[in-house]
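Residue numbering restarts at 1 for every chain, and letters A, B, ... go by the order of the sequence lines.
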Amino acid sequence: MRWTQTFIPTLKETPADAEIVSHQLLLRAGLVRKLTGGLYTFLPMGLRALTKVAAIVREEMDRAGAIEVSMPLLQPTDIWHASGRYEAMRDNLYKVKDRAQKEWALCPTAEEVITTLAANEFSSYKQFPKNFYQVGTKFRDEIRPRFGLMRAKEFLMKDAYSFDTTDAGAMASYQKMYDAYTRIFARCGLRAFAVEADTGIIGGNHSHEFMIPAETGENDVVYCEACNYAANIEKATSGLPKTAPRDPGPAPEKFATPGVVTIEALAKDPYKVPANRQIKTLVFIADSKPVLVLVRGDDQLNEAKFMAKTGAIEARPADAKNPADLVHFTALGAMPGSLGAVRNVPAGWKVLADERLRGANGMTTGANEDGFHLRDVSMDRDIRVTEWHDLRTVTVGEPCAKCAKPLKIRRAIEVGHVFKLGTKYSVPLNATFLDEAGQRAPLVMGCYGIGVTRTLQAVIEQGNDKDGIIWPVSVAPYHVCITPLAVAAESPAMKLAEQLYAELTAAGLEVLIDDRDERPGVKFKDSELVGFPIRIGLGEKSLAKGEVEIKPRSGALRSVKTEDAAADVIAWVKAEKAKLA
RNA sequence: CGGGACGUGGCUCAGCCCGGUAGAGCGCUUGGUUUGGGACCAAGAUGUCGCAGGUUCAAAUCCUGUCGUCCCGACCA
């Protein structure tokens, strides 16, 4: 390909509406252009790189025994009602109406569709295991699209769905995908790692996310360098001890705390109740019902854990400024800051408490009377806890639950997620089989996603310098950029460029000739901005010596005899590919 | 959905506070000089100042609304 015959609109200046480096480079290197927020047109270089990522994904899916299919992007909403996810997806699901006012969903994921297929097509245990995948567009009505391709309304995703007859079989399918994912990200040149994860709206009971470390990521990952424990902060636990017991007082004692509505204020003079001897009482509205949540004063409630443990579809903190919520505070008898679970808790309310409070005594909490707190509160004696759960958020430095070494926390980009689903979809959508005894049973499923567009941007986020993108050869739009400094057809540089192009292309390399009539500086800058892994420079000075200049994007420039150039570059690309095999 | 910032040639931005003839750099066109790291000189083209109202003799500038973009948050009592 010639530069003048394709379309690579590079930008000298950084676009104002791109915040993170990978987003800036997507635009500057002419890979994509924004149509509107969260929607992007892929230009030739971007599309080529995206196609490379997708090809790696397909090769590894095929190698792992998955079968490629293609499902409709337009889905009938009745299967979403059947699975119970129509409500659970809430506004994330794009809905469209046809001429008859029938409602359809734009595919955000395809568990319902593939499970419907399985329900119709399978009947015997002899047909399993099966794993179907597709690489296709997904639509999600994101609350806030951001960072270019990282969180878009429309994106390319690989989704796979496994069907097994037993739990052990499903675990084996899960492990195959886990291993395939590890290979996929390695082949894309990414330093990815797997972490234990919350299953969220997809469901199931076991899952891992594949993360790329990056300060610009939207996830916090808790990890232990000593024993390799790693988990999303939404799921992570630590080996922190329970609250130390004290001599229990005879009974809770009320004391006046006028104007004290924060943990911090109660910890100061004249009260001096340390945060770790306080009980923080939160009111949440979970699926329209009020719930009291208790965590220690120095702990933070982890809302993802709260959602997971309660199974709530929607939950939010109650807001005293919201008239509809105010009744709940009125029922308790106090406003935020003076809340507690010792007295006045309405009979029907659930009271969830964090495990760290189990058995705690000598605690201080709100009296459910504005301006008063209670001291000498015992969890067991004084509070009716309906459910105990791990509800707190792990913080940096806490001891690892496995090996007691201090935990660390880092930001990361989630590029893949594997789930063991169990029968969450097969039961409601009636995907069953007959076992060897002729008994009907639901299929055991797993599902596995990779954000292909997000992975592409993660490659850029991880591979760049001040001059532009540094592609791994496996994902680069072209392997080689040939840069003749004279472009007239009869010039020696151009003739040599064409000769090298023919030789490299014949060897299977993907080559771009920068045939633009531009000054050398412009061409060098652009080739580095777009990030081709290796460049061959053809200028008068070196040609006069019978040499060409070879410049790997992230290596030193070297001069090579003209007749050796093709072999040199072919060997270099082959070696780079081998590193990513 | 809440908070914040911003919408001025293709791009990056100034001008706005203090109302009075719309600017710069880059890019683009033409000519010339250049030609190994984003050239130089000259001449040019390109703007409903996001949109709609309002105030005013007069609005890019002040006011209101609206649309769009970006950032933070969706949470702790």
Let's see if you can work this out: which of [options] has an atom nearest to the side-chain heavy atoms of [X]?
{"X": "Pro317(A)", "options": "C75(B), A77(B), U12(B)", "answer": "C75(B)"}
{"X": "Pro15(A)", "options": "A77(B), U12(B), G38(B)", "answer": "U12(B)"}
{"X": "Arg144(A)", "options": "U69(B), C71(B), A77(B)", "answer": "C71(B)"}
{"X": "Leu282(A)", "options": "C70(B), C76(B), G38(B)", "answer": "C76(B)"}
{"X": "Lys280(A)", "options": "C76(B), A74(B), A77(B)", "answer": "C76(B)"}
{"X": "Lys12(A)", "options": "C76(B), C72(B), G27(B)", "answer": "G27(B)"}
{"X": "Pro336(A)", "options": "C72(B), A77(B), C13(B)", "answer": "A77(B)"}
{"X": "Ile143(A)", "options": "U12(B), G38(B), C1(B)", "answer": "C1(B)"}
{"X": "Phe147(A)", "options": "C75(B), U69(B), C71(B)", "answer": "C71(B)"}

Determine, for [Y] and [X], whether the Lys NZ or Arg CZ falls below 6.0 Å from the six-membered ring centre while staying within 45 degrees of the axis.
{"X": "Lys551(A)", "Y": "Phe524(A)", "answer": "no"}
{"X": "Arg410(A)", "Y": "Tyr223(A)", "answer": "yes"}
{"X": "Arg375(A)", "Y": "Phe255(A)", "answer": "yes"}
{"X": "Lys138(A)", "Y": "Phe155(A)", "answer": "no"}

Base, sugar-phosphate, or nothing: which does [X] touch, judged by heavy atoms less than 4.0 Å apart?
{"X": "Thr262(A)", "value": "sugar-phosphate"}
{"X": "Ser338(A)", "value": "nothing"}
{"X": "Gly37(A)", "value": "sugar-phosphate"}
{"X": "Val295(A)", "value": "nothing"}
{"X": "Leu485(A)", "value": "base"}
{"X": "Arg296(A)", "value": "nothing"}

How far, in whole Å, is [M] from [N] if one measures between their [atom1] atoms?
{"N": "U69(B)", "M": "U55(B)", "atom1": "C1'", "result": "29 Å"}
{"N": "C13(B)", "M": "G7(B)", "atom1": "C1'", "result": "13 Å"}
{"N": "C40(B)", "M": "C26(B)", "atom1": "P", "result": "7 Å"}
{"N": "A59(B)", "M": "C51(B)", "atom1": "C1'", "result": "15 Å"}
{"N": "G19(B)", "M": "G10(B)", "atom1": "C1'", "result": "30 Å"}
{"N": "A60(B)", "M": "U48(B)", "atom1": "C1'", "result": "12 Å"}
{"N": "G20(B)", "M": "G9(B)", "atom1": "C1'", "result": "23 Å"}
{"N": "C18(B)", "M": "C62(B)", "atom1": "P", "result": "9 Å"}

Would you state whether a donor and an acceptor, one from the side chain of [X] and one from the base of [N], lie under 3.5 Å apart?
{"X": "Gln300(A)", "N": "C76(B)", "answer": "yes"}
{"X": "Arg535(A)", "N": "G37(B)", "answer": "yes"}
{"X": "Glu13(A)", "N": "G25(B)", "answer": "yes"}

* Asked: So do Arg343(A) and Glu369(A) actually touch side chain to side chain, heavy atoms under 4.5 Å?
  -> yes
* Structure fact -> Exactly one of Leu31(A), Thr453(A), Leu26(A), Leu156(A) clears side-chain contact (heavy atoms from CB on, under 4.5 Å) with Phe42(A), and that residue is Thr453(A)
* Using side-chain contact (heavy atoms from CB on, under 4.5 Å) as the criterion, point out the one residue from Val377(A), Asn361(A), Thr365(A), Thr364(A) that pairs with Arg277(A). => Asn361(A)
* Asked: Within the structure, does a side-chain N or O atom of Thr36(A) lie under 4.0 Å from either OP1 or OP2 of U69(B)?
  -> yes
* **Check against side chain to side chain donor-acceptor pair (under 3.5 Å), Thr14(A) and Gln24(A)** => CA-CA 6 Å; Thr14(A) 302; Gln24(A) 292 169 354; 4.7 Å; no
* To do: For side chain to side chain contact (heavy atoms under 4.5 Å, CB included), just list the numbers for Leu339(A) and Val283(A), CA-CA rounded to whole Å, side-chain angles, deciding distance to a tenth of an Å, and then say yes or no.
  => CA-CA 9 Å; Leu339(A) 298 176; Val283(A) 182; 3.7 Å; yes
* Asked: From Arg90(A) CZ over to Asn92(A) CG, what is the distance, rounded to the nearest 0.5 angstrom?
  -> 9.0 Å
Would you list the protein and nucleotides 41-52 of chain B atom pairs, both N or O, that sit under 3.5 Å from each other?
none

* Along RNA chain B (nearest heavy atom to each residue), the more 5'-positioned of Ile263(A) and His23(A) -> His23(A)
* To do: Specify the residues of residues 515-533 of chain A, ordered by number, for which at least one heavy atom lies under 4.0 angstrom from an atom of RNA chain B.
  => Arg519(A), Pro520(A), Gly521(A), Val522(A), Phe524(A), Lys525(A), Asp526(A), Glu528(A)
* Within a reach of under 6.0 Å around CD of Glu387(A), are more than 12 heavy atoms found that belong to other residues, nucleotides or ligands? -> yes
